[in-house]
Amino acid sequence: MSSKNEIKLSPSSLAYLFESKCPAAYDFSKRLEYIGPERPEDEYMKRGLLVHSLMQGAIKTYEVKDRYANSLYEKLIAIKRQHKIETQEVELWQDFKIIPRVSWRRRLDVIGHTSNRRIILDWKTAAGAWKKVDSNIGLVPPQSMGIQAIGYLIPPPKVENWPTELWFVVVSYKGPAEIFKYYYNEKDHKNLLLAITVARDMIEFFNINGYPKIRGKACLSCSYREPCYEVYGWEKSFEMKELHKGDYKLSSKKSDNK
């Protein structure tokens, strides 16, 4: 059981903290939920959620009216059949202490079995194929080498034979699904623990002193621009996440992130 003062991080939240380059944006993302008019990116997000629900068996194809979602689903199913992947666990949530004062939370799409070994699978829906960059192991998409990859393969406490291989199965509107494999290694493990340690120290400092707003060009595409710039009536498009209700007072007149 995690302590009340323990910092809660996930692969996605840790990545966002560094990628956003703005502590205030990270703070907003932790406590605010967007409930306003649908934005262009929401369509892709909803479709991705539909595909994940189909892969988990939570809904059936005849219940889904989005033909693109059904098409993406069929491509993922083709990959499962081609590689004879047997599903062992789906939608697995884990929460454990990864370093002092930090709880690591993650959700795994699938733990499966293929070719006499256990693997973790992560279903990815994308508008197009993942772009690749050159590396010491050849051309690789940066997404397959990120925090999520090693963040999933770090074994939880008291669990034996944790998978050391992760498959990102990426499906887009054109062409078949692609598989990008990532393998556990100590170098990336140490790198992740360093990133988490830096994040912990930053967050503890910001929790006491406030989260600075690093305004600039990135604001143009930031999902939290309205509350950050205190646009009149921004509260109509956001609500406080359940875990933080009562911790903060929403007000378009004052937004000091404390």
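Computed from a predicted structure; not experimentally measured.
Using modelled atom types, one finds a donor on one side chain and an acceptor on the other under 3.5 Å when comparing Lys80 with Thr87.
Looking only at distances, a side-chain donor or acceptor of Arg225 sits under 3.5 Å from a matching main-chain atom of Leu220. Within the 3.5 Å criterion, the main-chain N or O of Ser172 finds a donor-acceptor partner in the side chain of Lys75. Side-chain atoms of Lys241 come within 3.5 Å of backbone N or O of Ser29 as a donor-acceptor pair. With hydrogens and angles disregarded, a donor-acceptor distance shorter than 3.5 Å links the side chain of Ser20 to the backbone of Tyr16. Judged by distance alone, with hydrogens and angles left aside, the side-chain atoms of Arg106 form no donor-acceptor pair with the main-chain N or O of Pro11 at under 3.5 Å.
Annotation: side chain of Leu54 is in contact with side chain of Ile59 (closest heavy-atom distance under 4.5 Å). Ser103 places none of its side-chain heavy atoms less than 4.5 Å from the side chain of Lys97. Side-chain atoms of Trp162 and Ile120, non-hydrogen and from C-beta on, do get closer than 4.5 Å to each other. Under the 4.5 Å side-chain criterion, counting only non-hydrogen atoms from C-beta, Arg200 is in contact with Pro100. Counting heavy atoms from C-beta outward, Val51 and Trp123 have side chains that stay 4.5 Å or more apart. Inter-residue side-chain proximity for Ile214 and Lys21 is flagged as unmet; no heavy-atom pair is nearer than 4.5 Å.
Between atom CD1 of residue Ile147 and atom CG of residue Leu17 there is a gap of 8.5 Å, rounded to the nearest 0.5 Å. How far CD of Glu19 is from OG of Ser12: 10.0 Å, rounded to the nearest 0.5 Å. Between Ile119 atom CD1 and Ile179 atom CD1 the span is 8.0 Å, to the nearest 0.5 Å. We find the CE-CG distance between Met145 and Asp188 to be 6.0 Å, quoted to the nearest 0.5 Å. The SG atom of Cys219 lies 10.0 Å from the NZ atom of Lys213; values are rounded to the nearest 0.5 Å. With rounding to the nearest 0.5 Å, the separation of NE2 in His189 from CG in Leu192 is 7.0 Å.
Residue pairs meeting the salt bridge (Lys or Arg N to Asp or Glu O under 4.0 Å) criterion with at least one partner in residues 108-126, sequence neighbours excluded, are Arg107-Asp109, Arg117-Glu165, Asp122-Lys124. Residue pairs meeting the salt bridge (Lys or Arg N to Asp or Glu O under 4.0 Å) criterion with at least one member in residues 48-72, sequence neighbours excluded, are Arg47-Asp66.
Annotation: Tyr173 is in aromatic contact with Tyr68 [ring centroid separation under 6.0 Å].
In this structure, Ile111 is a member of the same hydrophobic cluster as Val159, with clusters built from ILVMFWY side-chain heavy atoms closer than 4.5 Å.
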**OP:** Give the C-alpha distance, both sets of side-chain angles, the deciding distance and a yes or no for side chain to side chain contact (heavy atoms under 4.5 Å, CB included) between Tyr184 and Ile150.
**Re:** CA-CA 6 Å; Tyr184 171 86; Ile150 187 62; 3.7 Å; yes

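Summarising the local packing, OH of Tyr183 is surrounded by more than 12 heavy atoms from other residues, nucleotides or ligands at distances under 6.0 Å. Within a 6.0 Å sphere centred on NZ of Lys181, other residues, nucleotides and ligands contribute more than 12 heavy atoms. Surrounding NZ of Lys236 are at most 12 heavy atoms belonging to other residues, nucleotides or ligands under 6.0 Å away. Glu38 CD: more than 12 foreign heavy atoms inside a 6.0 Å radius.
Ring geometry, Tyr224 versus Phe28: the interplanar angle falls under 30°, so the pair is classed parallel (tilted spans 30 to 60°). The aromatic rings of Phe206 and Tyr211 sit tilted, their planes meeting at an angle between 30° and 60°.
By the salt bridge (charged side-chain N to carboxylate O under 4.0 Å, His left out) test, Glu204 is found to be paired with Arg101, residues two or more places apart in sequence or in another chain being considered.
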